[in-house]
K.L.:
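This is the structure I have questions about; it appears just below.
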Amino acid sequence: MFQQIEERLAAELERQLASRFDLRAKVSLEQPKQSSFGDLAIPVAFQLARQLKRPPKQIAEELATGLASFPGVASLEIAGNGYINVRLDRAAYASALVRNEDEPVRETAGKFIVEHTNINPNKAAHIGHLRNAVLGDTFVRMLRKRGRRIETQNYIDNTGVQVADVVAGFHFLEKQSPREVQSLIDGPSIRFDYLCWDLYARTSAYYKDHADSLAWRDATLHAIEAGAGELAELGRIVADNIVQAHLKTMYRLGIEYDVLPRESEILHLQFWATAFALLKERKAIYFETEGKNKGCWVMPSSAFRTSAPQSEESAGDDDSKVIVRSNGTVTYVGKDIAYQLWKFGLLGKDFFYRLWSTYPSGHAVWVTTDQPQPIPSPSFGGASKVFNVIDSRQSYLQEVVVAGLRALDFNEQADASVHFSYEMVALSPRTCVEMGIELSEEDKRRPYVEVSGRKGLGVKADDLIDKLIETALVEVEERHPEAPPAERRAVAEQIAVGALRYFMLKFTRNSVIAFDFHEALSFEGETGPYVQYAAVRAANIFKKYLERGQTMPRFEEALTIDVLKAGFESEPLWQLLLLASKADGAIERAIAAGEPAHVAKFAFQLAQSFNNFYHEYSVIAEPNASRRSLLLWLTQFVREQILAAMQVLGIQQPIYM
RNA sequence: GGGGGCGUAGCUCAGUUGGAUAGAGCAUCAGCCUUCUAAGCUGAGGGUCACAGGUUCGAUUCCUGUCGCCCCUACCA
């Protein structure tokens, strides 16, 4: 609702600028620093002052007279040097909300792809992966909420070095056959992803001490790529089972996918070969005949470096990017270019798809395969915009991918390729100590310590979730000793997920999270449970109200303009209503900024305002019937908006807390 | 060396694209549970927005420089 008024006011002002001053300018409205200044502030007179060479105050006055009778606006005043402060007609505004006159969200044309999670399928997921998945999933929810059509992809690098290293570990270190590994998986009480976590670290350490054993990796990679033999069989077993484990972990957080594109199909279906031919034909890459990259196909650095400095000393350095190695194999970036081309429907090829699994909701996840399938699948790919949720350390590789598109003259798609980057999750030194990780004196002084899958250094996602549930359960059991255990468990799980998702979202994308157990396990202050608690309190008001045998009023009849006018003369009630009505605008702004954290912040602020209201006003005990209706409606409206924000954040409301 | 990011309260972080008196949470201290359950609420203290210039009506925000921290700069991803 707020957004509508904002847009209409801005449009009207732009019209006036054109007619009065013959200026075409974008007008933006802002929130006044203090609520006593009004509901909306227009600083446009300042911008115009320079162009028109007139005092801003004068311009503001002139514009204000033109807006005097704007529908929905109660009054305008000029403040400071030339702000136009707008006060809304509170009763009219509230009335429109009571009668649900908000414009419906319109679905936009075209499809967006959001690719996220993308965990190497060779070990258990850790907290860094959680940040990726929660960020990506929340962004998907934001976009869907605002009418965008989204396809969620989780790319599976099932033929890469990381899988190969675990396979090599099973085969060469553990001397285990595919059959033995499979029976390990089928056997009781073994967490295969945890077992691989350790094996991966062990194999990496072994490589370090025995340089000659690196030949295992090459042998394994070749076998996996060829797709035949015991090593390839092990590769399939490891990757498939770990993918299943990752999907399970992510589902605990309410994260689902539409399709799992796999690297094996990019290779087997000749996606790379097609892209390679294109790149060669358009001269985007060339065959290097000298220097350190001799024998490789490389992309010149001029293609992806915006500034091409090359100082005197470094002139000899070759910072071109190798796309095809001298042994003829393609790098990840090469495969990623092919994949990116497919996402936009530019490759002229498609995968085959097979059902991977179905979520309890009935939503299906599909996986790519290299063979035609009898059962038809939905169509995937062919998007107009692509968001790749990938950590910022890979920005260089992402630049190369986009440069690849550009070199092929797909400029529109290059512009529509977004690296949705975020900083890593590291560990606070305190948490390292708690986990028994030994730190050097240097590391202890650092603000954070980087996690390393290769070293097995990190916090596993499921361990963290379990720990959160355990912590929440202690509180729930204490507060609700009479409730059935299964129900308490369900509540604790919702609280744990709320805490975790909020924790991963409260930081903006480019801030490094120094993960700290104490902070992550906190359920007080700016946390998910705080928001959930506000929603539970709102729900409790209705629960108690109905329990006492009262019936809900018909708001449209009870809340006449006069009742609304009297009610919202109260500043705190009006401020709460106004804030709640900004939910859609907050989500839209968060999309524009690419910051899921903004939605989290909004949810927290609204919860905070509601908690204030909850403390200050008695809803059920209000003796005056029409005022009680007003308070009930306000509670309902705020609750709806908090729940809407929570849904976008992937946070549920427990039945009690 | 080159590219990118960051520096805001004791700690962890926001800051709506250049606007009005810079905000939260945690921690500390002082209060509030017979109430729609306190995972909550109220209040207090805490700031040279790293530093120095510049741009202009106005700078935490933009530009330049300095200092400090981080990431990237593989025929790994």
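Letters go in sequence order (proteins before strands), and every chain restarts at 1. Remember, it's a predicted structure, so these values are computed and weren't measured experimentally.
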K.L.:
Rounding to an integer number of angstrom, what distance separates B:C26 and B:U16 when you compare their C1' atoms?
P.N.:
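Comparing C1' positions in B:C26 and B:U16 gives a spacing of 25 Å.
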K.L.:
Please tell me whether A:Y396 and A:Q394 have a donor and an acceptor in their side chains that are separated by less than 3.5 angstrom.
P.N.:
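No - no donor-acceptor pair under 3.5 Å links their side chains.
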K.L.:
How many Å lie between NZ on A:K26 and P on B:U16, as a whole number?
P.N.:
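About 17 Å, once rounded to whole Å.
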K.L.:
Where does B:C33 land, syn or anti, once you apply the within-90°-of-0 test for syn?
P.N.:
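B:C33: syn glycosidic orientation.
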K.L.:
Is any side-chain heavy atom of A:Y155 closer than 4.5 Å to a side-chain heavy atom of A:I266?
P.N.:
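Yes, their side chains come closer than 4.5 Å.
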K.L.:
When the distance from OH of A:Y545 to P of B:U37 is rounded to whole Å, what number comes out?
P.N.:
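The distance from OH of A:Y545 to P of B:U37 comes to 16 Å, rounded to the nearest Å.
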K.L.:
Please determine whether a side-chain nitrogen or oxygen atom of A:Y533 lies at a distance below 4.0 Å from atom OP1 or OP2 of B:A38.
P.N.:
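So the side chain of A:Y533 is within the cut-off, an N or O lying under 4.0 Å from OP1 or OP2 of B:A38.
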K.L.:
Roughly how many Å is it from CD in A:E524 to P in B:C41, rounded to a whole number?
P.N.:
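Going from A:E524 (CD) to B:C41 (P), I get 10 Å.
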K.L.:
Using a cut-off of less than 4.0 Å, is there contact between a side-chain N or O of A:N327 and OP1 or OP2 of B:C75?
P.N.:
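False: A:N327 side-chain N/O out of range (4.0 Å or more) of B:C75 OP1/OP2.
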K.L.:
So what does A:I495 touch, heavy atoms closer than 4.0 Å: a base, only the sugar-phosphate, or nothing?
P.N.:
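Base, at least one base atom sits under 4.0 Å.
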K.L.:
Between A:F517 and A:K467, is there a cation-pi geometry (under 6.0 Å to ring centre, at most 45° from the normal)?
P.N.:
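Yes, a cation-pi geometry holds between A:K467 and A:F517.
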K.L.:
Write down the distance separating the P atoms in B:G43 and B:G5, rounded off to the nearest Å.
P.N.:
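Roughly 40 Å separates the two P atoms.
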K.L.:
Quick one: list whatever passes side chain to side chain donor-acceptor pair (under 3.5 Å) with A:Q575, sequence neighbours left out.
P.N.:
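In terms of side chain to side chain donor-acceptor pair (under 3.5 Å), with neighbours along the sequence ignored, A:Q575 is linked to A:E571.
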K.L.:
Just jot down the side chain to side chain donor-acceptor pair (under 3.5 Å) partners of A:R479, sequence neighbours excluded, or say none.
P.N.:
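A:E475.
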K.L.:
Please check: side-chain N/O of A:N122 versus main-chain N/O of A:Q162, any donor-acceptor pairing under 3.5 Å?
P.N.:
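Judged by distance alone, yes, a pair lies under 3.5 Å.
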K.L.:
Kindly indicate whether the side chain of A:S395 and the base of B:C72 share any N or O donor-acceptor pair separated by less than 3.5 Å?
P.N.:
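No, no donor-acceptor pair under 3.5 Å.
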K.L.:
Please enumerate all protein N or O atoms sitting under 3.5 Å from an N or O of nucleotides 42-47 of chain B, with distances to 0.1 Å.
P.N.:
from  : atom 1 : to     : atom 2 : distance (Å)
B:U42 : OP1    : A:N612 : OD1    : 2.3

K.L.:
Answer whether the closest heavy-atom distance between the side chains of A:L40 and A:E6 falls below 4.5 Å.
P.N.:
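The answer is yes, as the side chains (C-beta and beyond) meet within the 4.5 Å cut-off.
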K.L.:
With a 4.0 Å limit, can you tell me whether A:Y530 has a side-chain N or O closer than that to the phosphate oxygens OP1/OP2 of B:C41?
P.N.:
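Answer yes for this pair, as a side-chain N or O of A:Y530 is under 4.0 Å from OP1 or OP2.
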K.L.:
Among B:A77, B:A20, B:C75, which nucleotide has an atom closest to any side-chain atom of A:L397?
P.N.:
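Selected nucleotide (nearest to the side chain): B:A77.
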K.L.:
What pairs of residues pass the side chain to side chain donor-acceptor pair (under 3.5 Å) test when at least one of them lies in residues 527-536 of chain A, not counting sequence neighbours?
P.N.:
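Residue pairs passing side chain to side chain donor-acceptor pair (under 3.5 Å), neighbours aside: A:Y530-A:N611.
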K.L.:
Between B:G15, B:G40, B:A20, which one does the side chain of A:A41 approach most closely?
P.N.:
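Looking only at side-chain atoms, A:A41 lies closest to B:A20.
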K.L.:
Starting at atom CG of A:D391, determine the distance to atom C1' of B:A77, rounded to an integer number of angstrom.
P.N.:
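Computing the A:D391:CG to B:A77:C1' distance gives 10 Å.
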K.L.:
For A:H598 and B:G15, is the shortest distance between a side-chain N/O and OP1 or OP2 below 4.0 Å?
P.N.:
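For B:G15, OP1 or OP2 has a side-chain N or O of A:H598 closer than 4.0 Å.
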K.L.:
Confirm from the modelled atom types if A:N85 and B:A20 form a donor-acceptor pair under 3.5 Å, side chain to base only.
P.N.:
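Answer yes: a donor N or O sits under 3.5 Å from an acceptor.
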K.L.:
Nearest to the side chain of A:A79, heavy atoms from C-beta on, is which of B:A14, B:A74, B:A20?
P.N.:
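In terms of side-chain proximity for A:A79, the closest of B:A14, B:A74, B:A20 is B:A20.
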K.L.:
For atom CD of A:Q652, decide whether the heavy atoms of other residues, nucleotides or ligands shown that lie under 6.0 angstrom number more than 12.
P.N.:
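At most 12 heavy atoms, drawn from other residues, nucleotides or ligands, come within 6.0 Å of this atom.
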K.L.:
Can you tell me which nucleotide in B:C70, B:A77, B:A74 comes closest to the side chain of A:Y448?
P.N.:
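Closest nucleotide among those given: B:C70.
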K.L.:
What integer distance in Å separates A:E622:CD from B:U35:C1'?
P.N.:
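Spelled out: CD on A:E622 to C1' on B:U35 is 15 Å.
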K.L.:
Quick check on RNA chain B: between A:V322 and A:R393, whose nearest nucleotide comes earlier from the 5' end?
P.N.:
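Per heavy-atom nearest nucleotide, the more 5' residue is A:R393.
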K.L.:
Could you give the distance from CG (A:L579) to CZ (A:F2), rounded to the nearest 0.5 Å?
P.N.:
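Result: 10.0 Å between the selected atoms.
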K.L.:
Using a 5.5 Å cut-off between ring centres and planes within 30 degrees, is A:F37 stacked on the base of B:A20?
P.N.:
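According to the criterion (under 5.5 Å, under 30°), yes, A:F37 stacks.
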K.L.:
Excluding sequence neighbours, so at least two apart, what forms side chain to side chain donor-acceptor pair (under 3.5 Å) with A:S522?
P.N.:
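A:S522: no side chain to side chain donor-acceptor pair (under 3.5 Å) contacts found.
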K.L.:
Under a 90° cut-off about 0 for the syn range, is B:U17 syn or anti?
P.N.:
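With its glycosidic angle within 90° of zero, B:U17 counts as syn.
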K.L.:
Holding to side chain to side chain donor-acceptor pair (under 3.5 Å), I want the full list of residues that pass it with A:E450, two or more places apart in sequence or in another chain.
P.N.:
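Partners of A:E450 under the side chain to side chain donor-acceptor pair (under 3.5 Å) test: A:R393.
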K.L.:
Base, backbone or nothing for each nucleotide of nucleotides 5-13 of chain B, written B, S, -, heavy atoms under 4.0 angstrom, 5' to 3'?
P.N.:
SS-----SS
K.L.:
Using whole Å, what does the distance between atom C1' of nucleotide B:A77 and atom CD of A:E399 come to?
P.N.:
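My rounded result for the distance is 16 Å.
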K.L.:
Does A:D157 pair with A:K335 as a salt bridge, N-O distance under 4.0 Å?
P.N.:
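No.
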K.L.:
Tell me every residue that passes salt bridge (charged side-chain N to carboxylate O under 4.0 Å, His left out) with A:D336, counting only those two or more places apart in sequence or in another chain.
P.N.:
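A:D336 satisfies salt bridge (charged side-chain N to carboxylate O under 4.0 Å, His left out) with no residue once adjacent residues are dropped.
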K.L.:
Using a 4.0 Å heavy-atom cut-off to protein, can you give one letter per nucleotide of nucleotides 56-63 of chain B, 5' to 3': B if the base is in contact, S if only the sugar-phosphate is, - if neither?
P.N.:
-BB-----
K.L.:
P atom, B:C67 versus B:A52: distance in rounded Å?
P.N.:
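About 15 Å, rounded to a whole number of Å.
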K.L.:
Nearest to the A:K544 side chain among B:A77, B:U37, B:A39, which nucleotide is it?
P.N.:
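Looking only at heavy atoms from C-beta outward on A:K544, the closest nucleotide is B:U37.
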K.L.:
Counting only pairs under 3.5 Å, give me each side-chain donor-acceptor contact of residues 539-547 of chain A, with atom names and distances, residues two or more places apart or in other chains.
P.N.:
from   : atom 1 : to     : atom 2 : distance (Å)
A:Y545 : OH     : A:T551 : O      : 3.2

K.L.:
Checking A:E595 now: which residues fulfil salt bridge (charged side-chain N to carboxylate O under 4.0 Å, His left out) with it, not counting sequence neighbours?
P.N.:
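With neighbours one apart ignored, the set is empty.
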K.L.:
Nearest whole angstrom, please: distance from the C1' of B:C75 to the CE of A:M299.
P.N.:
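In whole Å, B:C75 C1' and A:M299 CE are 15 Å from each other.
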K.L.:
Are A:Q608 and B:G25 close enough that a side-chain N or O sits under 4.0 Å from OP1 or OP2?
P.N.:
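Answer yes for this pair, as a side-chain N or O of A:Q608 is under 4.0 Å from OP1 or OP2.
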K.L.:
Distance check: side-chain N/O of A:R537 vs OP1/OP2 of B:G40, anything under 4.0 Å?
P.N.:
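For B:G40, OP1/OP2 do not have a side-chain N/O of A:R537 under 4.0 Å.
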K.L.:
Indicate, with a heavy-atom threshold strictly under 4.0 Å, whether A:V161 touches base, sugar-phosphate, or nothing.
P.N.:
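Here A:V161 touches the backbone only, sparing every base.
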K.L.:
Anything below 3.5 Å on both distances counts as a pair; with that, list the stems of at least three consecutive Watson-Crick or G-U pairs involving RNA chain B.
P.N.:
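Paired runs of 3+ in RNA chain B: B:1-7 with B:67-73, B:10-13 with B:23-26, B:28-32 with B:40-44, B:50-54 with B:62-66.
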K.L.:
Can you tell which of B:C72, B:A38, B:A20 lies closest to the side chain of A:Q34?
P.N.:
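It is B:A20.
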K.L.:
Please tell me which of the listed nucleotides, B:A77, B:U37, B:A39, lies nearest to the side chain of A:N120?
P.N.:
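Given the options B:A77, B:U37, B:A39, the side chain of A:N120 is closest to B:A77.
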K.L.:
Would you give the length of the straight line joining atom CG of A:L606 to atom CD1 of A:I642, rounded to the nearest 0.5 angstrom?
P.N.:
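Here the rounded value is 4.5 Å.
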K.L.:
Nearest-Å distance, OH (A:Y332) to P (B:A74)?
P.N.:
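Computing the A:Y332:OH to B:A74:P distance gives 18 Å.
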